[in-house]
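Data first, discussion second: the structure below is written as C-alpha cells.
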Amino acid sequence: MQEAVAEAQSCSFPSANLLFWYFVAECFQTDACDQPGHRVTQVSGWRPELGERRHSWKEPAEDSSMDGKAQDSSRSLPRRAVPPAVGLLLSMALMNALLYLCLDWFFIAPPHSTPGSTHCPHGHFRMGQMKNCSPWLSCEELRTEVRQLKRVGEGAVKRVFLSEWKERKVALSRLSQLEMKEDFLHGLEMLKGLQSKHVVTLLGFCEDDNTILTEYHPLGSLSNLEATLNLSKYQNVNTWQRRLQLAVDYVSIINYLHHSPLGTRVMCDSNDLPKTLSQYLLTSNFSLLVNDLDALPLVNHSSGMLVKCGHRELHGDFVAPEQLWPYGEDTPFDDDLMPSYDEKIDIWKIPDVSSFLLGHVEGSDMVRFHLFDIHKACKSQSPAERPTAQDILDTYKKVLNLLRDTMVSQMREML
C-alpha cells in the first residue's frame, strides 16, 4: 500500500496530494487516531455574544482542577474528531483516485527525448548537455583535441575506439584497411547527409586521416539488448511496451532510409540477424539509432536503378528470396547474371528483427498475435505484394496504442 501511494504521489497532481495529506494530518491531530485507548466526553459552552452553542472535546475530569481546564478548552477553536474508519476510507479513496489518474504514467513508456543535434543546422552538432551547436570538428581539432582511449569494436571497414573530447566520451572510427576506403567514404557521406533523430550524431571527420568522430553510446550495439535488459538495474524497462517501442524505432529508421533526403536507400549490410543488429546502437534512454551506413546503395525506380548487396552468393532464410541465386545448384554463381532488387528486401527482414526485439517477456506473445497479419504480408514471396515501411510503422503504432489503451482500461475497471 505504501509503495502504491508513493508511486501515485510521484505523478503531477499537487491538489490531490494536498488533499491526501490534509486528511492524514486531520486524523493524526485527533485523539481518536493516535490515542485509541482514551475515552472522550463532550462539554458544552455558551457564548452569549454569538447567540449559539459550540462543542469542544476533553478528557473526563479526574478532580475539580479539571474544571478550569475545561473552561480553557471551551475557549479554544472547535475541533471535530475523524473516526479511524472514516479516515482510512478517505485515504483509500484518494489513493485509488490518484492511481486512476496516473495509469497512463504507470503503463505507458515516457516518450523518447529528441536528440539536440536535430535542432542544429547542417554541418553542426550538439550532444549531451551542450547548450549551443558547434561546427563539425576539423582534421586539426581531431588530431589535437581528441584523446584515444581503447578499442571497443572492429568490422571489415573500420575500427572503433572509445575516445575523449573536452571531457566527453566519443567514438573515433578509423579505416581498418585501405582496400575498404571506398566503403568508408560512402559511410561518411551517408552520415553527413542523413543527420536526424534516427542517425548517430556526427561530430567531425578527417578524410586525410581516414577518421570519423561520432557520439558515444555506452550500451553499445543492438546485439547487446538481451544482456543489457538482464541487468538488475534495467529490469523495470524489460517489458513488452518498451520492447515494442524499440521495434517501432527500428521500423521508423527503415522508413526514414526509404524516404531519406538522399533518396531511397537500402540497408544492404544485413545478410543475417547478428550483422543486422550490429548496425544499430541502443541509447541510454532505450531508443535506437542507425550507426553503420557503409553499405547503403540507392534505388531509383523511375530510372530503373536497382541494387545488389555484395558480389557473392547469399544463403539462408533471413535474406529475401530475390537475394538468392535463382538458377539452381547446377549453375555456378555469377554476379553478372544475378538479378538486382529494390528496398523491399528490407521489408522481408522486419519480422525477424522485431521478433528478436520483442523477446520472450510477459505480453510479447500477445504483441506477436496482433502483428501476425502484417508480418505475414512482409514475408510475401513477391516483393510487390509486401507492405511499405510506412504501412508497417502505422500498424506497429496502432497495435502499441491499442494494447496500452486496453491495459489502462482494465486497470481502471479494477479500481
Side-chain angles (χ1 to χ4, degrees), residues 112-222 224 249 253 256-257 260-262 265 267 269 278-285 287-296:
H112 300 316
S113 58
T114 303
S117 59
T118 59
H119 300 291
C120 293
H122 182 72
H124 295 70
F125 71 92
R126 180 168 59 193
M127 65 173 182
Q129 301 302 315
M130 291 176 61
K131 295 182 178 179
N132 301 314
C133 296
S134 296
W136 286 336
L137 303 182
S138 64
C139 288
E140 182 62 25
E141 289 170 315
L142 289 179
R143 293 166 185 161
T144 59
E145 298 179 11
V146 177
R147 184 166 65 96
Q148 186 172 300
L149 300 178
K150 64 177 181 179
R151 188 168 67 183
V152 292
E154 182 173 1
V157 178
K158 52 186 179 288
R159 299 185 182 94
V160 183
F161 298 86
L162 171 62
S163 304
E164 193 174 59
W165 173 71
K166 294 186 176 181
E167 300 182 351
R168 294 181 174 91
K169 295 294 188 296
V170 292
L172 182 67
S173 299
R174 295 186 180 277
L175 177 65
S176 58
Q177 43 190 339
L178 287 177
E179 54 266 31
M180 302 302 295
K181 186 169 183 176
E182 182 178 352
D183 291 342
F184 182 84
L185 293 178
H186 172 78
L188 174 58
E189 289 305 309
M190 294 297 101
L191 276 175
K192 290 160 63 176
L194 297 177
Q195 285 296 288
S196 69
K197 66 179 182 179
H198 302 293
V199 180
V200 68
T201 302
L202 177 64
L203 310 180
F205 58 90
C206 180
E207 294 187 27
D208 292 341
D209 297 341
N210 296 316
T211 56
I212 301 173
L213 192 70
T214 55
E215 186 174 7
Y216 175 70
H217 293 277
L219 295 183
S221 80
L222 188 54
N224 302 325
D249 290 349
I253 292 172
Y256 174 69
L257 295 179
S260 84
L262 303 181
R265 296 287 170 168
M267 197 67 179
D269 215 352
S278 70
Q279 310 301 299
Y280 300 87
L281 292 173
L282 185 63
T283 70
S284 297
N285 69 338
S287 59
L288 293 188
L289 296 172
V290 63
N291 178 55
D292 196 335
L293 304 176
D294 297 339
L296 213 63

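Counting only residues at least two apart or in different chains, side chain to side chain donor-acceptor pair (under 3.5 Å) contacts with residues 167-176 comprise Q148-R174.
Residues K181 and N210 share a closest heavy-atom pair of CE-OD1, 3.1 Å. Residues E215 and G128 come closest through the heavy atom pair OE2-N, 4.2 Å. The minimum heavy-atom distance linking L219 with L282 is given by the pair CB-O, 3.4 Å. In this structure, V160 and A171 approach most closely via the heavy-atom pair CG1-CB, 4.1 Å. The shortest heavy-atom contact between V146 and S163 is CG1-CB, 3.8 Å.
Side chain of E145 to backbone of E140: no donor-acceptor contact under 3.5 angstrom is found. Remark: the backbone N or O of S134 is not paired with any side-chain donor or acceptor of R126 at under 3.5 angstrom. The backbone N or O of L296 lies less than 3.5 Å from a partner atom in the side chain of R265, making a donor-acceptor pair. With hydrogens and angles ignored, the 3.5 Å screen pairs no side-chain donor or acceptor of W165 with any backbone N or O of R147. Side-chain N or O atoms of S260 include none that pairs as donor or acceptor with a backbone N or O of Y256 at under 3.5 Å.
Separating the CG atom in L149 from the CZ atom in R151 is a distance of 14.5 Å, to the nearest 0.5 Å. Here the OG1-CE distance, from T201 to M127, works out to 8.5 Å after rounding to the nearest 0.5 Å. Expressed to the nearest 0.5 Å, how far NE2 of H186 lies from CE of M190 amounts to 4.5 Å. Once rounded to the nearest 0.5 Å, the distance linking CD of Q279 with CG of L293 reads 8.5 Å. Note that NE2 of H124 and CG of L202 are 12.5 Å apart. Values are rounded to the nearest 0.5 Å. Here the straight-line distance linking atom CG of L194 with atom CG of L257 works out to 6.5 Å at 0.5 Å rounding.
The shortest distance between side-chain heavy atoms of L142 and L213 falls below 4.5 Å. When side chains are defined from C-beta on, W136 does not count as touching E141, because their heavy atoms never get closer than 4.5 Å. Looking at Y280 and L289, their side chains never come closer than 4.5 Å, going by heavy atoms from C-beta outward. Counting heavy atoms from C-beta outward, S284 and P218 have side chains that approach closer than 4.5 Å.
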Practice problem: Kindly determine whether Q195 and F125 satisfy side-chain contact (heavy atoms from CB on, under 4.5 Å), including the steps that lead there. | Solution: CA-CA 9 Å; Q195 285 296 288; F125 71 92; over 6 Å; no
Practice problem: Under the side-chain contact (heavy atoms from CB on, under 4.5 Å) rule, what do L288 and I253 come out as? Steps first, then yes or no, please. | Solution: CA-CA 8 Å; L288 293 188; I253 292 172; 4.1 Å; yes
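Under a 4.0 Å N-O distance rule, the pair D292/K158 qualifies as a salt bridge.
Residue I212 forms a side-chain contact (heavy atoms from CB on, under 4.5 Å) with just one option from L175, L188, L172, and that option is L188.
Residues meeting the ring-ring contact (aromatic ring centres under 6.0 Å, His included) test with F184, sequence neighbours left out: none. Among residues two or more places apart in sequence or in another chain, the side-chain hydrogen bond (donor to acceptor under 3.5 Å, both in side chains) test is passed with E189 by K192.
Around atom CD of E182, no more than 12 heavy atoms belonging to other residues, nucleotides or ligands sit under 6.0 Å away. Remark: E179 CD is packed, more than 12 non-hydrogen atoms of other residues, nucleotides or ligands lying under 6.0 Å away.
When only modelled atom types and interatomic distance are considered, S287 and N285 share a side-chain donor-acceptor pair under 3.5 Å.
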